[in-house]
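First comes the structure, then the notes that go with it.
The model shown is predicted, which means the values in this text are computed figures rather than measured ones. Each chain gets a letter, A, B and so on, in the order its sequence line appears, and its residues count up from 1.
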Amino acid sequence: MATLVLHLRINGVFRQVPVTPTDTLLCVLRDRLGLTGTKRGCGEGECGACTVLFNGEAVCSCLIPAAEAEGADVITIEGLADGIRLHPIQQAFVDEEALQCGYCTPGMVLAAKALLDRVPNPTEDEIRTALCGNLCRCTGYTQIVRAVQRAAAVLRGETLGAGPGPVRAAVGEPVERIGAREKVTGRTVFAGDMQLPGMLHAAVVRSPHAHAEIESIRTEEALALNGVRAILTAADLPDVRFGLLAADEPILAVDRVRYVGDRVAVVAAVDAETALEAARRVKVRYRPLPAVLSVEEAARDGSPLVHPGVDGFPGGAFGMELVLDGNRCYEEETVDGDVDAAFEHADVVLDETYRTAPQHQASIEPHAAVAAPRGDGGVAIWTSTQAPFIVRQGVAAYLGLPMSQVRVVAMETGGAFGGKVSVFIEPMVAALALKTGQPVRMVYSRQEELEDARPRSATVIRVRTAAQADGTLLAREVDFLADSGAYADWTPAVVNSSLRACRGPYRVPNLRAKGAAVYTHKFNTGPFRAPGYPQLTFALESHMDELAAKLGMDPMELRRKNLLRNGEKTFSGTELKTDVLMRCFDTVTKAIADDPADEPHTAWGLACGEWEIGGFPASALLKVNEDGTVSLSVGSTDLTGSLTSIAQVVADELGIEMTELSASCIDTDTSPLAPLSGGSMVTYNMTHVAREGAKQLADELKKRAATALEAKPSQMEVSGLKVRLKKDPSKSVSFAGLVANEPAGITITTPALPATHSFAVHAVKVSVSPETGEVRVLRAISALDCGKAINPNMVKGQMCGGLVQGLGECLWEEIRFDGEGRVANIGFGDYRLPTAADVPEIECHIVEGETSTSRGHGCKGVGEPAHVPALAAAANAVCAAIGRRIYESPLSPERILGA
Amino acid sequence: MAPVELLTPTSWSEAALLLQESPETSAVLAGGTDLMSRTFMGKVSPAPRRLVSLRAIPSMGTIWRADDGSLHLHARTTLAQIAADPAVRETYPALHEACTRIGSPQIRARATLVGNVCSASPAADGAVAALCFGGTAEVVDDHSAFDVPLVSFFTGPRTTCLKPGQIVRALRFPPPSPRSGSAFRRVGTRRAMDCAAVILAASVALDAAGRIESAEIALGSVAPTPIRVTEAETRLLGQAPLPAGFAEAARIASATCDPISDIRASAEYRRQVVRGVLPLVLQQAAERAMAAERQGS
Ligand SMILES: Cc1cc2nc3c(=O)[nH]c(=O)nc-3n(C[C@H](O)[C@H](O)[C@H](O)COP(=O)(O)OP(=O)(O)OC[C@H]3O[C@@H](n4cnc5c(N)ncnc54)[C@H](O)[C@@H]3O)c2cc1C
Ligand code: FES
Ligand code: FES
């Protein structure tokens, strides 16, 4: 391919760059110049992660052919800071915690700069409009808007009141997120940014059929292409199946494909283009077979089987064995109380069925991994994952390696939300690395993300409720059907955990709940933020509003009457020690009462949700460095800022500053074992073990100091990297002195905590256009029971992001399939995430006080509960505004207008 | 496959000649927002191998007015430039609104109105707005220049009357009559970054007696191309600008358009929206016309 030389100024420096005519400006920056701060999220102009300033204007570098940049002046995120001094916009993003995963951040910062260069004092609306081309899946935009406002004030030369600024590393303080500075400057290395010497690029050959037999695969033509190094099919790999719950999924399709996008072969070549071209040249002969696409149809006897000739699968990572009944891979029924009798004596019975669409985690960072062969015959993997130890287990299983030969390094994840738990990309790159003896990188395209990731399962949920005329709930029946897709993945757990929460956070004396996970010929669905709960809560809370209407009651009154109170048992078996749920509810209903929705076609909707935060055995490593500072190592991936909270607890306990503590995660070779980061479990469990560890370390240091000072350990306290006498602080020994002759460090493991509960109440105010069914979200309020907010900024971040994801699920997001089972959404243009312009500021009320048993100050997880009732609250608002119930999400303009 | 060469001619005729060399696989590159994203997603077939950039062709300007008062927009004039132009905002509000609503700031900084029109997407906001101002495309080839009225520019989904080697050099709009007003509305799901389910634009001119002297109604996403609904327009002529007439025009428009069902909306929804929203758009255009008249007198 002909090369040409491009002349342009990048970050103030004139550069001559050899490029190929197919390069975009984004390729030039990332691949030719190594400026990987500019991110790729889609390649189609939809996400804005690739934003740079091009002759002063914000543009998508993925849409600019390299040659069009001849003579241009380009500023990338790397060019903004002055040495290590952050640009005021970057500083404001750090101060306001306007970033979580950080993948959208470089583009967001530059879009903000383009705005502030033009409009020094923008309104909130102008900011939201200016940022509408930059998708953020994590933050919900509230803190981003604040950061831009703050930066604008600083740039105008205004002196600000006491801002976040540097704070003590104490629990309860808005301590700066670990890694925030790297993220705002584009220095964070994500898996897709990794570049190793001799690295190859991988591409996948995918099934065009929802169900077909593979008759033959011919690779000669593809292998003949210049630059192709290897092509693997199932025949080249051990015949092994694996999966999160059960071992039912091969890494490449064996004999049969089960969904459009199913992986058939995988190619490694010298560059990504060649790999893609080779993948196109792999000739697969299929014999198409009848496919079953609807979950209800698949559950019926006699429909085509997704796994014919098999009656079960052994356990996978979580050891759940499956017994198949047709396409049903999991079934369960629980009964509590005399349900039938209660229904017989009820004054009112309501029986409705609700449906939810599959929704995508849609992290702006696609799945990405790099694998390199090791000298011992093993493999090292750098990947974007929530579950590095499960990746290690999966790769070891698939490739028949001992775990000692599989090293997994969890890179910064550019958004996950459950989508980066399942193991599928890593075994492919690992196998290619072992085959070629070279490092191999794979990065999914946005379309591959839509076709072969692990979205939220579609559900069909029938709810029957019996109530007394005064609104007292008597009994409930639920039938919960979840579309598992081609493999079980996480869906049986979705069913299992959802069935436990069928009462909602209410007193329902009698319950019968049954459910099933059903295979269909579609991509497998997996964990997505509070798996099953947004769907279930949509059904239950729609049902509560309808029941209120049927009873002639105010829906708020119906809820108030039945909400769990102090002393009552929650669904997770805990007993309420306070009236926390009512406090959340009152906070939100008061805000609603203060702002009645009087305008036409406008209404509030409210929903209550709950989540169980599970316990797991946790461990941590702590050691004192030679100068007395401390290192902390944990095995849990840092998704939500959890590492910061964990470190904060340790720093607080040891009386040191964040700068005196280094915290790291995770490398499976050296980090202590931890389960996956998800389910809001990390902060709950890890602050517990970390605080316990810090205490033990402090005790050890106190003991040593006591000996030196001839006192009792109980008379000592830690402060300022010293141990001193409480009574006479002038008598002290430095940490450094205490470890000079004998290193001090501990490895600590704590047994699993009991599970705990958390509640959230959301309210959303919308207006609906009567002519078009378009919805505008006017206000959104979140109240969250979090025990103790270790870092209030991060709790708010979860609340804002969780609520906005729910708004997206309610109003815009839906993966659709055509009649052949092909995903019909093309890119982010057809899978519409909320933009900054679509959502209001999220009003957050942190409700503390109902503490957990975690020694991490009684904190609870917040990521999932903050999301659970959002879809339901928004749906209730829309239905109230139009005066009619919609039984299916998303509540699209069409359904609103036409239903 | 991505394009393999990008050429930057310095004159229109050179550009036209380069395009003619391999007409099947060459494409004009303006802002590239449509072409690059669609090529990347495999939606352009056959994928262009040669891109002919308009970047280096000298121009008379970006936005200018001729002596007869007509507005000229160059092939390289971006949506952001048009959106920021006070005169366009004043005189062609529907066009202004369309240009401010397309894509994101990043898209508008690169995308051109001419590219929007030439993309001939049925959902091209700018094309719909341009249709209701009696716009003309100034076309050049390797040896001549000629005019094509926008009403006869679109020939099918993503096809225009342009032959290989023909390039739109500029768009031209006659000055609107003093008692006229226009309005624009796009209907979709998100407020931003949304390929619209229905696009509506209208311009209305009143006579001295306050009756409708001329009306132009353009719709997008309800037919294979952006369309004018002349039957509905005709129905308004000579009438007072009143809701009943607007509703009747909307009924006709809804019945005569030819929408499809796709991932964005069903055909029925689109018709319903035309029926419900067009009266509001016409109303706003008429109100602006009356305001213009008051200002003028
Ligand atoms: C994320 C995103 C969002 C978008 N949102 C919208 C939206 O909301 N509304 C909307 O209408 N569009 C939207 N678009 C489509 C596109 O951005 C617009 O149509 C834009 O105006 C196209 O202009 P351009 O200069 O980039 O055209 P280009 O991509 O350069 O060209 C478009 C087509 O026209 C041809 N062409 C260009 N100039 C000429 C010429 N002078 N003579 C002959 N042929 C020519 C090209 O060969 C090509 O086929 C969006 C695109 C993206 C990527
Ligand atoms: S990568 Fe360019 S907009 Fe998404
Ligand atoms: S912080 Fe914006 S996408 Fe993660």
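Interface remark: I107(B) contributes side-chain atoms only to the contact with chain A (heavy atom separation under 4.5 Å). Only the side chain of L29(B) comes within less than 4.5 Å of a heavy atom in chain A; its backbone stays farther off. R185(B) touches chain A through its side chain: at least one heavy atom from C-beta onward sits under 4.5 Å away, while N, CA, C and O do not. In this structure, the portion of T51(A) lying under 4.5 Å from any heavy atom of chain B is its side chain and not its backbone.
Residues satisfying the ring-ring contact (aromatic ring centres under 6.0 Å, His included) criterion with F817(A), sequence neighbours excluded, are F523(A). For the side chain to side chain contact (heavy atoms under 4.5 Å, CB included) test, residues two or more places apart in sequence or in another chain that qualify with P259(B) are V222(B), C257(B), A267(B), R270(B), R271(B).
Salt-bridge annotation for E888(A) and R895(A): present, with a side-chain N of the basic residue lying under 4.0 Å from a carboxylate O of the acidic one. A salt bridge is defined here as a Lys NZ or Arg NE, NH1 or NH2 lying under 4.0 Å from an Asp or Glu carboxylate O, and R137(A) with E449(A) fails to meet this definition. The residues E814(A) and R816(A) are annotated as salt-bridged, a charged nitrogen and a carboxylate oxygen being separated by less than 4.0 angstrom.
Listed options V198(B), D194(B), T8(B) were ranked by heavy-atom pairs under 4.5 angstrom with chain A; first place goes to D194(B). Per-residue counts of heavy-atom pairs under 4.5 Å with chain A were compared for R191(B), Q272(B), M41(B), E268(B); the largest is that of R191(B). Ranked by heavy-atom pairs under 4.5 Å with chain B, the list R128(A), E774(A), E771(A), E57(A) is led by E774(A). Per-residue heavy-atom pair counts under 4.5 Å with chain B were compared for L115(A), N825(A), L131(A), and the maximum is reached by N825(A). Annotation: maximal heavy-atom pairing with chain A below 4.5 Å, among R264(B), M193(B), R275(B), occurs at M193(B). Looking only at heavy-atom pairs under 4.5 Å with chain A, the residue among P279(B), A197(B), G188(B) that has the most is G188(B). Counting heavy-atom pairs under 4.5 Å between each of I64(A), L276(A), T24(A) and chain B puts I64(A) at the top. Of the residues considered (A80(B), G32(B), S53(B)), S53(B) shows the highest number of contacts with chain A, using heavy-atom pairs under 4.5 Å.
Contact annotation for residues 827-836 of chain A against chain B (heavy-atom separation below 4.5 Å, listed by residue number): F828(A), D830(A), R832(A), L833(A), T835(A).
Side-chain N/O atoms of T25(B) and R49(B) include no donor and acceptor closer than 3.5 Å.
Side-chain N or O atoms of R110(B) include none that pairs as donor or acceptor with a backbone N or O of A30(B) at under 3.5 Å. Looking only at distances, no side-chain donor or acceptor of Q284(B) sits under 3.5 Å from a matching main-chain atom of V281(B). Side chain of T129(A) to main chain of D125(A): a donor-acceptor pair is present (N/O by atom type, distance under 3.5 Å, no hydrogens or angles).
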Tabulate below the donor-acceptor pairs under 3.5 Å that side-chain atoms of residues 107-114 of chain A make, not counting sequence neighbours, or state none.
| residue | atom | partner | partner atom | Å |
| --- | --- | --- | --- | --- |
| K113(A) | NZ | D117(A) | OD1 | 3.4 |
| K113(A) | NZ | D117(A) | OD2 | 2.9 |

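Counting heavy atoms from C-beta outward, P366(A) and R446(A) have side chains that approach closer than 4.5 Å.
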* Give the intermediate values and the outcome of side-chain contact (heavy atoms from CB on, under 4.5 Å) for residues L811(A) and V777(A). => CA-CA 10 Å; L811(A) 299 172; V777(A) 183; 3.7 Å; yes
